[in-house]
Amino acid sequence: HIERVTGREIIDSRGNPTVEAEVLLAGGTRGRGAAPSGASTGEFEALELRDGDKSRFGGKGVAKAVGNIGTAIQDALHGMDATDIYGVDRAMINADGSRDKSSLGANAILAVSIACARAAAAALHLPLYRFLGGINGNRLPVPMMNILNGGAHASNTVDVQEFMIMPAGAGSFHEGLRWCTEVFHALAALLKSKGLATAVGDEGGFAPDLASDEEAIRYILEAVHKAGYEPGKDFVLAIDAAASEWKSGKTGEYVLPKCGKRFTSAELTAHWKNLCSQYPVYSIEDGLDEEDWEGWQLMTKELGGRVQLVGDDLFVTNTERLAKGIQLGCGNSILIKLNQIGSVSETLEAIKLAHKAGYTAISSHRSGETEDTTIADLAVALNTCQIKAGAPSRSERAAKYNQLLRIEEELGSAAVYPGFSAFGIAGM
Ligand code: PGA
Ligand code: ZN
């Protein structure tokens with residue numbers, strides 16, 4: 001049972017403070033977990049509790065959240081069975097009492113939830129993916145590797161937040177990962193040869209100044225070729241527009257903050273449709289705003305049969321919002337971020353609901369990350385078949401891919417790499 005729960009303030013990959021928790025079980029077994037942090041956060045995410053005290057970390061301190069771990073959370077969990085993750089999370093949700101975990105902080109609750117799962121797995125002598133997924137978890141995810149950054153993640157001229165490569169044609173996870181790194185290096189050389197910047201953004205992708213989406217895509221496809229691979233066969237592309245960042249409250253139009261272009265919801269859908277017909281773009285995340293349900297319905301009718309339409313800010317890993325989207329026919333995929341909902345068990349439920357409805361689910365990092373690799377184990381445990389963990393150029397991103405290499409090795413001949421079937425959409 002749970003003996004002691006403690007928290008500490010650590011720093012994330014952007015140099016901002018975040019919450020780390022440790023759980024000590026009566027037999028001496030320990031578990032540790034850390035909360036990541038987003039930049040383009042969805043309006044409907046669980047609340048990340050920050051101190052607001054300008055004299056520390058520019059107001060971003062998490063001392064209150066950490067304090068809640070040693071007091072209210074410790075009191076709620078003391079003596080509980082750590083292997084009962086659903087019970088542990090429920091106890092914290094009850095102790096918090098709010099709808100969005102704003103009393104104790106979703107950062108505090110999530111860090112403890114992960115630490116508990118890790119302590120329980122260790123007590124049972126199981127790897128985390130086995131503890132969370134049982135004997136079913138055996139599929140390695142296809143990386144959705146973000147190699148060109150824009151939007152809120154970079155100070156360049158690119159409005160689309162992420163351009164990702166997916167090695168869907170590889171024969172295994174480790175082969176796909178190698179292919180991605182080769183394309184990453186080919187892209188670096190290509191950008192350099194054009195006199196463009198090769199400094200990287202928050203998720204490790206390059207962040208050059210470019211004139212349009214098409215230009216970014218053309219450079220990436222050229223890099224795929226230069227590395228010796230064939231677009232559409234070895235690699236496909238994915239985009240995260242993060243279009244909730246573009247919606248103008250006043251006019252209801254989408255106004256791209258960097259280039260200044262304006263779109264209606266229907267025009268933006270037409271723009272995505274055009275991109276997908278010209279280039280091997282298989283997945284578009286947050287192509288429209290988080291409150292544009294009608295737009296999402298239309299976009300799904302137009303594109304959903306052949307493109308993966310991922311709700312990130314739209315669904316925020318929340319089963320209520322996902323159920324609404326399923327009912328309305330919005331999107332066909334959900335991005336899964338533990339800290340959007342704030343606990344492990346609620347995250348598992350979001351993935352299960354998605355799969356039941358025939359939606360794909362994608363295990364995802366945040367733009368502010370730590371060395372915590374839970375999302376890698378989560379991807380294998382629940383067979384999400386896709387993972388978003390950034391470029392292979394920053395250790396907090398590489399940590400997730402390296403954990404997947406270890407899991408693949410451990411699974412041995414039982415490991416499955418889904419390749420194109422990761423999309424699970426009829427006809428794709
Ligand atoms: P965030 O970005 O972590 O800054 O929210 C990631 C994403 O939008 O997928
Ligand atoms: Zn996103």
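All values below were derived from every heavy atom in this structure, side-chain atoms included, with hydrogens, water molecules and symmetry-related copies excluded. Just so you know, ligand 1 is whichever comes first in the structure, and atom 1 is the first atom listed for that ligand.
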- Query: Has Ser40 got any heavy atom lying under 4.0 angstrom from an atom of ligand 1?
  - Reply: yes

- So is there a nitrogen or oxygen of Lys388 less than 3.5 Å from a nitrogen or oxygen in ligand 1? yes

- Message: If we count only N and O atoms by modelled type, under 3.5 Å, do the side chains of Gln308 and Thr360 hold a donor and an acceptor together?
- Response: yes

- Among side-chain atoms of Thr374 and Asp372, is any donor-acceptor pair under 3.5 angstrom? yes

- If you measure from each heavy atom of Asp286 to ligand 1, is any distance below 4.0 Å? no

- Query: Do Glu369 and Glu203 pass the side chain to side chain contact (heavy atoms under 4.5 Å, CB included) test, and can you show the C-alpha distance, the side-chain angles, and the key distance before you say yes or no?
  - Reply: CA-CA 9 Å; Glu369 266 295 334; Glu203 296 187 350; over 6 Å; no

- Message: Distance under 4.0 Å to a non-hydrogen atom of Asp312: what atoms of ligand 1 satisfy this?
- Response: 7 (C), 8 (O), 9 (O)

- Item | Atoms of ligand 1, numbered as shown, that sit under 4.0 Å from any heavy atom of Asp240 | 7 (C), 8 (O), 9 (O)

- Per-residue contact class, Leu335 against ligand 1 - non-hydrogen pairs under 4.0 Å: side chain

- Contact partition for Ala242 relative to ligand 1, non-hydrogen atoms under 4.0 Å: neither

- Message: Regarding Ser37 and Glu48, do their side chains bring together a donor and an acceptor under 3.5 Å, going by distance alone?
- Response: yes

- Per-atom contacts of ligand 1 with Glu203, taking only distances under 4.0 Å to non-hydrogen atoms: 6 (C)

- For Asn146 and His153, does a side-chain donor sit closer than 3.5 Å to a side-chain acceptor? no

- Query: Hey, which N, O or S atom on Glu285 ends up closest to the Zn ion (ligand 2)?
  - Reply: OE2

- Item | Angle subtended at the Zn ion (ligand 2) by OD2 of Asp240 and OD2 of Asp312, nearest 10° | 180°

- Any chance the side chains of Thr18 and Asp12 put a donor and an acceptor closer than 3.5 Å? no

- Side chain, backbone, both or neither: which part of Asp313 has a heavy atom under 4.0 Å from ligand 1? neither

- Message: Tell me the nearest of Arg366, Lys337, His365, Glu369 to atom 6 (C) of ligand 1, using heavy-atom distances.
- Response: Lys337

- For Asp286 and Glu245, run side chain to side chain contact (heavy atoms under 4.5 Å, CB included): C-alpha distance rounded to whole Å, both residues' side-chain angles, the deciding distance at 0.1 Å, then the answer. CA-CA 10 Å; Asp286 284 350; Glu245 302 286 307; over 6 Å; no

- Item | Atoms of ligand 1 close to Glu285 [distance to a heavy atom under 4.0 angstrom, numbered from 1] | 9 (O)

- Just checking, is any N or O donor in the side chain of Tyr417 or Glu175 under 3.5 Å from an acceptor N or O on the other one? no

- Taking only heavy atoms of His153, which atoms of ligand 1 are found under 4.0 Å from at least one of them? 1 (P), 2 (O), 4 (O), 6 (C)

- Query: Can you tell me if Asp202 and Ser367 form a side-chain donor-acceptor pair at under 3.5 Å?
  - Reply: no

